[in-house]
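What follows is a single structure, written as structure tokens, with notes after it.
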Amino acid sequence: MLLSLRLTNIALIEALELSFHKGFTVLTGETGSGKSILFDSLNSLLAEKNSLYTNRLVREGASFSSIEASFEITPSVASWLSLYQIDLF
């Protein structure tokens, strides 16, 4: 489960920190408000290092950007990660 997401200099977002709790979370907003940026950021974080998302997400004029996320690892997720040889730490 995704617990938190922190973005710095990502697309139109200068700095944002979101916390998520157990249950159903809905993201709503008008077109262009940044909903897709959140999903693209997660995809970039979980995808290959040279993902198409990585370069296009850097905020224009920024000297750096970062995407950080915290996850709760359940036993079934730990098993899946182990199956694909993905280290937990």
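Side chains included, hydrogens not; waters and symmetry mates left out as well; all remaining heavy atoms used.
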L45 CG to D40 CG distance, which is reported to the nearest 0.5 Å: 12.5 Å
Between OG on residue S66 and CG on residue L57, distance to nearest 0.5 Å: 12.0 Å
Euclidean distance, T8 OG1 relative to L16 CG, rounded to 0.5 Å: 9.0 Å
Results of side chain to side chain contact (heavy atoms under 4.5 Å, CB included) for L81 - residues two or more places apart only: I73, V77, I86, L88
Pairwise distance OG(S41) to CD1(I10) - rounded to 0.5 angstrom: 5.0 Å
Ring pair (Phe, Tyr, Trp, His ring centres under 6.0 Å) contacts touching residues 59-83 (sequence neighbours left out): W80-Y84
Non-neighbouring partners of R6 that pass salt bridge (charged side-chain N to carboxylate O under 4.0 Å, His left out), sequence neighbours left out: E17, E68
Co-membership, hydrophobic cluster, residues L2 and I13, 4.5 Å side-chain: yes
Atom CD of E60: over 12 foreign heavy atoms under 6.0 Å: no
Within residues 4-43 or reaching into it, pairs that qualify as ring pair (Phe, Tyr, Trp, His ring centres under 6.0 Å) - sequence neighbours excluded: none
Partner residues of S70 under the side chain to side chain contact (heavy atoms under 4.5 Å, CB included) criterion, sequence neighbours left out: L3, S4
Reported CG-to-CD1 distance for the pair L12 and I37, which is rounded to 0.5 angstrom: 3.5 Å
Pairs where residues 22-36 contributes a residue and the test side chain to side chain donor-acceptor pair (under 3.5 Å) is met, not counting sequence neighbours: none
pair I67-L5: side-chain heavy atoms closer than 4.5 Å: yes
Pairwise distance CG(N9) to OG(S63) - rounded to 0.5 angstrom: 7.0 Å
